[in-house]
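Working notes, structure below.
Each chain gets a letter, A, B and so on, in the order its sequence line appears, and its residues count up from 1. No experiment lies behind these values; they were computed from the predicted model shown.
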There are 2 protein chains.
Amino acid sequence: MTTPPVRPGPETRNRILDAAEELFVEHGLDATSMRMITTKAGVNLAAVNYHFGSKGSLIQEVFQRRLTDLNRARLAALDALERQAGGVPLKPSKVVEGFFGPALEMACDTEHGGRTFMQLLGRTYTEPNAFVRQFLAEEYAEVLDRFLGALYRSLPGVPHEEILWRFHFMMGATSYAIAGTDALQLFAGKFDDADPSRLMPRLMSFLLGGLRAPLADNGHGRQAKGGPKAA
Amino acid sequence: MTTPPVRPGPETRNRILDAAEELFVEHGLDATSMRMITTKAGVNLAAVNYHFGSKGSLIQEVFQRRLTDLNRARLAALDALERQAGGVPLKPSKVVEGFFGPALEMACDTEHGGRTFMQLLGRTYTEPNAFVRQFLAEEYAEVLDRFLGALYRSLPGVPHEEILWRFHFMMGATSYAIAGTDALQLFAGKFDDADPSRLMPRLMSFLLGGLRAPLADNGHGRQAKGGPKAA
DNA sequence: GTAGAATTCAAACAAACGTTTGAATGAATG
DNA sequence: CATTCATTCAAACGTTTGTTTGAATTCTAC
């Protein structure tokens with residue numbers, strides 16, 4: 001009824017990946033057992049080890065199949081921006097949009113599991129699991145370098161270290177906005193409007209406000225950019 | 001050598017709590033076993049169940065013993081601010097400092113485990129464990145209501161919903177700043193200066209910039225506050 | 001239609017989990 | 001000294017964990 005019996009054949013892999021993704025969001029990586037996954041996917045217990053080798057490899061694959069696309073989209077967005085800018089530094093707002101835009105778009109996709117995955121991803125930046133952290137760091141290395149470089153050029157005169165911190169802050173705000181909206185009961189009953197599509201402009205405005213806030217006093221009150229400006 | 005043998009007596013409870021706190025940060029709640037905790041604490045395996053009843057109750061106690069103090073400090077800060085303001089609405093920067101200041105102060109305390117705990121707490125806002133979430137929500141209910149109320153009054157004309165969102169964003173940025181600084185290897189080798197005491201002004205400036213950013217267009221470009229202003 | 005490879009299956013594996021037990025130990029009270 | 005209470009201890013409890021096995025099944029191709 002609910003899940004199609006088992007019929008096809010090579011569909012098993014994807015059923016496992018989808019089931020694992022949802023369960024990881026709901027219960028966490030460690031608290032999700034193989035038996036929970038295979039039951040939800042409607043496949044035999046041994047299927048995970050047959051198709052993926054181990055639980056660790058399954059976790060890696062769950063992240064990889066979406067993260068590769070996400071980061072490709074990010075790099076493509078940055079490429080397009082830099083191409084049409086033709087040498088002149090990008091506006092900070094454009095760089096920020098290029099990085100967080102694709103993430104938020106994926107977070108809005110409730111049809112194909114994009115939203116589910118982004119909730120998982122957001123929570124995973126603080127995962128203690130060393131294996132997952134290592135893997136995430138590798139997957140993000142290039143994207144991070146590219147976008148930080150673009151941000152450095154777009155904010156000349158601002159110490160790179162300050163930009164790095166603010167990028168860190170922006171990632172935090174975004175991850176929580178996505179991962180915590182319905183995960184955390186802290187604000188339970190307080191949000192009238194948790195529509196993820198309305199999240200985008202709200203968050204973007206906040207991020208840019210934070211990015212361009214006056215720098216904390218290192219002796220003189222230098223600003224991160226000329227004047228405040230809408231997103 | 002490393003851990004004093006077992007000598008005293010009623011010290012056992014605290015040794016367990018301290019060991020658990022560190023291990024929860026390092027490996028997460030689920031991946032930390034009773035045996036890891038009791039081994040690190042240098043006590044017998046049965047001691048946890050004897051003193052706390054169950055692993056769940058131990059987790060609760062690990063959070064409670066610090067969180068109660070933290071939220072008491074927050075409420076005290078708000079009380080003091082409102083008393084000396086005498087009726088007039090507080091400046092948003094003061095409200096924000098009252099909430100996030102005590103958290104950052106605790107995060108700077110490397111001597112008595114405050115830093116360790118704040119890393120744990122930051123990561124726990126997205127904990128999938130239903131029991132932990134429920135407990136956190138209860139522990140935060142009063143503080144959240146008081147500070148949101150103060151923030152509403154300090155930003156008249158701004159829709160409460162927008163303030164709620166931005167508070168959510170601010171909590172996200174802060175949690176990541178604390179939990180992710182050395183937990184996440186994403187920015188590994190990029191931070192020259194991860195000194196937590198310098199984090200405070202940096203983060204506060206970012207938060208206030210985000211809080212006071214122009215509101216996303218709901219039809220008209222209303223600002224959250226008059227002009228930009230340093231923290 | 002039969003050979004052969006790929007996949008699924010029920011069953012079992014050892015290891016680790018949180019928890020419980022009942023005896024041994026310690027310090028305090030009479 | 002004897003008694004009592006709280007605490008510690010080694011050992012075992014029954015489950016659940018991830019993984020493996022070898023036979024059954026399904027699919028592919030000649």
Side-chain angles (χ1 to χ4, degrees), chain A residues 2-63 127-132 134-135, chain B residues 2-63 127-132 134-135:
Chain A
T2 54
T3 49
V6 176
R7 310 315 311 292
E11 195 61 19
T12 305
R13 265 186 69 101
N14 289 331
R15 314 229 342 221
I16 292 174
L17 287 169
D18 291 339
E21 193 174 63
E22 285 187 37
L23 288 168
F24 287 158
V25 171
E26 196 173 347
H27 303 101
L29 264 39
D30 286 311
T32 301
S33 71
M34 300 287 237
R35 285 161 179 84
M36 291 163 73
I37 296 171
T38 52
T39 299
K40 175 156 190 148
V43 303
N44 186 271
L45 169 60
V48 173
N49 289 286
Y50 177 79
H51 285 280
F52 299 93
S54 69
K55 185 183 180 182
S57 301
L58 168 63
I59 293 175
Q60 177 159 344
E61 198 104 356
V62 165
F63 281 92
E127 252 287 328
N129 184 320
F131 178 71
V132 175
Q134 160 82 14
F135 162 71
Chain B
T2 54
T3 49
V6 178
R7 309 314 312 291
E11 195 60 21
T12 304
R13 264 187 70 100
N14 289 331
R15 314 237 332 231
I16 292 174
L17 286 169
D18 291 340
E21 193 173 64
E22 286 187 37
L23 287 168
F24 286 159
V25 172
E26 197 174 345
H27 302 101
L29 264 39
D30 286 312
T32 301
S33 71
M34 299 288 230
R35 287 161 178 85
M36 291 165 71
I37 296 171
T38 51
T39 299
K40 174 158 191 145
V43 303
N44 187 271
L45 169 61
V48 173
N49 289 287
Y50 176 79
H51 285 279
F52 299 93
S54 69
K55 185 182 179 182
S57 301
L58 168 63
I59 293 175
Q60 177 159 344
E61 198 104 356
V62 165
F63 280 94
E127 252 288 326
N129 184 319
F131 178 71
V132 175
Q134 160 82 15
F135 161 71

Practice item. Would you please test B/Met34 and B/Asn49 for side-chain contact (heavy atoms from CB on, under 4.5 Å) and show each step? Key: CA-CA 9 Å; B/Met34 299 288 230; B/Asn49 289 287; 3.9 Å; yes
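Rounding to the nearest 0.5 angstrom, the gap separating the CG atom in A/Leu58 from the CZ atom in A/Arg13 is 9.0 Å.
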Study note, to complete from the structure: Nucleotide by nucleotide, nucleotides 16-21 of chain C touches protein heavy atoms under 4.0 Å in the pattern (B base, S sugar-phosphate only, - none) -BBBBB
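When side chains are defined from C-beta on, A/Gln60 counts as touching A/Phe131, because their heavy atoms get closer than 4.5 Å. Using a 4.5 Å heavy-atom threshold, the side chains of B/Leu17 and B/Asn14 count as touching.
In terms of phosphate contacts, A/His51 brings a side-chain nitrogen or oxygen within less than 4.0 Å of OP1 or OP2 of C/dT8.
Looking only at distances, a side-chain donor or acceptor of A/Lys55 sits under 3.5 Å from a matching main-chain atom of A/Leu29.
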